[in-house]
Protein chains: 2
Amino acid sequence: MSDLAAARSIDRFAALATADAPGQELRQAAGNIGNLMRGGRISGRAVDFSHGDVDAFAPAPGASDHFSEALAAGGRQAYTEYRGSADIRVELSEALAAYTGAPVAADSGTIITPGTQGALFLAVAALVNSGDKVAIVQPDYFANRKLVEFFGGHQLPVTMDYLRGSEEAGLDLAQLKAAFEAGARLFLFSNPNNPTGAVYSRREIHEIAQLAAAFDVTIVADQLYSRLLYTNQSYAHMRAAGLPEERVITIMGPSKTESLSGYRLGIAFGAPAVIERMERLQAIVSLRAAGYNQAVLRTWFREPAGWLDERIQAHQAIRDDLLDVFRAADLTTRTPQAGSYLFPTLPPLAVELGDFVRLLRRQADVIVTPGTEFGPCPCSIRLNFSQDHAAAVAAARRIVEMVHRYRR
Amino acid sequence: MSDLAAARSIDRFAALATADAPGQELRQAAGNIGNLMRGGRISGRAVDFSHGDVDAFAPAPGASDHFSEALAAGGRQAYTEYRGSADIRVELSEALAAYTGAPVAADSGTIITPGTQGALFLAVAALVNSGDKVAIVQPDYFANRKLVEFFGGHQLPVTMDYLRGSEEAGLDLAQLKAAFEAGARLFLFSNPNNPTGAVYSRREIHEIAQLAAAFDVTIVADQLYSRLLYTNQSYAHMRAAGLPEERVITIMGPSKTESLSGYRLGIAFGAPAVIERMERLQAIVSLRAAGYNQAVLRTWFREPAGWLDERIQAHQAIRDDLLDVFRAADLTTRTPQAGSYLFPTLPPLAVELGDFVRLLRRQADVIVTPGTEFGPCPCSIRLNFSQDHAAAVAAARRIVEMVHRYRR
């Protein structure tokens, strides 16, 4: 490797730093935070808000039965096409067409991937070349930015004023237009938004579609959390907003609402030409989603009557209690319309956000993800509140106490 | 995307063509081969030599029990570190150190991936930047070349004269030296070689190590098939050949010999700095190997006494019978020293290799992979003979009959 290439390569991996990413806390050295510490430990049951607790919310029923059937089926299920089992894609395409309100071509328009992360990676790899400009929302899922940077793309940030209200997500559409005018031909966003839980209004989705049509932009819509939609909320699917099929890739999976993350399953559907590229790439990235695991997708969108409603109600109850705790302490927090993320704003602290997060872990047994992972948000923390209800509320109170201790 | 970027991007994906890749035959249109056809169908039980038959050779015992235990363990197993469960990596590092004859650092020197394909992808992504030169053996596993091209690297081919004998793999060491002199700082190869089953001799491994040390080259050794080693063969591990730890990454997995491909599990071990980059990348590629599946690795290197020997003997018996069939028909074929691939040479045919492969499928119900996937080998086909013994022999006879029909 030349020195120049080596330097470039170091930069490329620096952009991928995972030390503060959710789930990687085991690899964080505690660092020298002893001298920052105020007060002692605050006792309480440990809560890891960096991801959902699949012990508190068990996987959707039937998953392990379908897995066992697939194992018994043997080679046919172990070695599917790279894009996944044709039978399962037919079943899913019907469910996803009904769910999103626009047709899904089972054969040419679907690919099963190792998790929605796998789908997102393949979609960005298929669409971003070195030097390309990509419109990215701030704040949004941290991997969006990292993926674009890894493939040498340039992100054009588009602000979301998520604290403005709760009828709209708060996307700055003028900035989005400016990004398209500046040359972005890809718009990548999560809806509901990760980390805030904001859902884009029908008007916002419509205007995004109008702009995308005017500028020939392709859209990758990460709708991972869209099924966990709270009472009286409505949801507009990007792919049903009138754009040509070739312009929209939608990404979903059963890892969150359905607690099937341990199986690593996702799906991308839409634009056949993009799906085709994604499959070519999957052939060298991981071959396919684990064959036996794919069968677990047969439970998806076929949960027992009432199962999803019950799950939504349980999460809504936790959400409301946590909002009460944070708002009583003046931590401004948007009400999530869907999903299980909360993104409270902290007051100015006497320590840096990264240190506060480490102190939270050390003194209060609470793990959260720093807002800086999602954009320029040095004053926020993200919580995945798909947790044991009582433990989550108690941990939120410990966060508030820690905020009081470290307030500037 | 600019026109230039679009053109580059089209090239990038053209290099990844999967139509002839193993396992993708379902997606091949039969094409216009009707007018080429000589004679009728040759009946017999269909055999798909593009991959091993996990129904003929069942997964290693205990896999599904470990999976079920992991499922019962819940969140702890669903959300491992990106590089995989720390406990399982400790167990594996002991087994792999004993197997390869050199220490393995469990914490810093191992990463569990979705299949060995996942490990190979991450290793190449971590080590190849646009413009880098990489030494690649011809013939060798097709993904090696595709991965290097995808990341903008240039392959410097190194010939393996695998028909020369069976004491050595036949690598042209002068060409390897020339590739290093020309600037290659990475050497990526499979051992046993895929598609030929050649195993590098101790002398070859030693000379590769000497050259790598002299030119500061990093080596990625794909040893996927190294456990399926036939009677009286010996195997030299690249990582035990005296290079600094930082210079060798070894890739293995239980997909082949152990028939656990349906779980998608692999491991890369060695150079900590490279493993660290691979983990950063895995965080955006697929997060982690499926959490529950990782537990299946607990069965690996712990098979019941005699299990591996029995598996080796069964494969050796099939290998010997197929070699007899091909050699009786004058199809020159190297005796594989390990693994379950055969790479017979066909005589000049009246049709192109791609058409012959399609005709084989249409007329003789036999699926093979064309030699052109592995390098400039328009006269060879690859068979994975991990199949039902009798069905494999009968299918090999049909291949011979088809060769006679289409001989020029």
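- In this structure, B:E279 does not pair ionically with B:R288, as no charged nitrogen and carboxylate oxygen lie closer than 4.0 Å.
- Ion pairing between A:E373 and A:R145 fails under the 4.0 Å rule for side-chain N and carboxylate O.
- If you tally non-hydrogen atom pairs under 4.5 Å between each of A:S261, A:A70, A:A143 and chain B, the highest count goes to A:S261.
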- [ ] Begin from the C-alpha positions of A:F374 and A:Y141 and carry the test ring-ring contact (aromatic ring centres under 6.0 Å, His included) through to its verdict.
- [x] CA-CA 6 Å; A:F374 307 94; A:Y141 179 46; 7.6 Å; no
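- With respect to B:R45 and B:D388, a salt bridge is recorded, a charged nitrogen being found less than 4.0 Å from a carboxylate O.
- Contact tally against chain B (heavy-atom pairs below 4.5 Å) for A:N293, A:D55, A:V285, A:L287: the top residue is A:V285.
- One finds a salt bridge joining A:D216 and A:R247 here, because a Lys/Arg side-chain nitrogen approaches an Asp/Glu carboxylate oxygen to under 4.0 Å.
- For B:F151 and B:F121, the ring centers are positioned less than 6.0 Å apart.
- Of the two parts of A:A73, only the backbone, made up of N, CA, C and O, holds a non-hydrogen atom closer than 4.5 Å to a non-hydrogen atom of chain B.
- Using a 4.5 Å cut-off between heavy atoms, A:A58 does not touch chain B at all.
- Proximity to chain B is absent for every atom of A:L122, based on heavy atoms less than 4.5 angstrom apart.
- Contact tally against chain A (heavy-atom pairs below 4.5 Å) for B:V54, B:L186, B:I284: the top residue is B:I284.
- If you measure heavy-atom distances from B:A289 to chain A, the contacts under 4.5 Å come from the backbone alone.
- Contacts between A:L71 and chain B at a heavy-atom distance below 4.5 Å involve the side chain alone, from C-beta outward.
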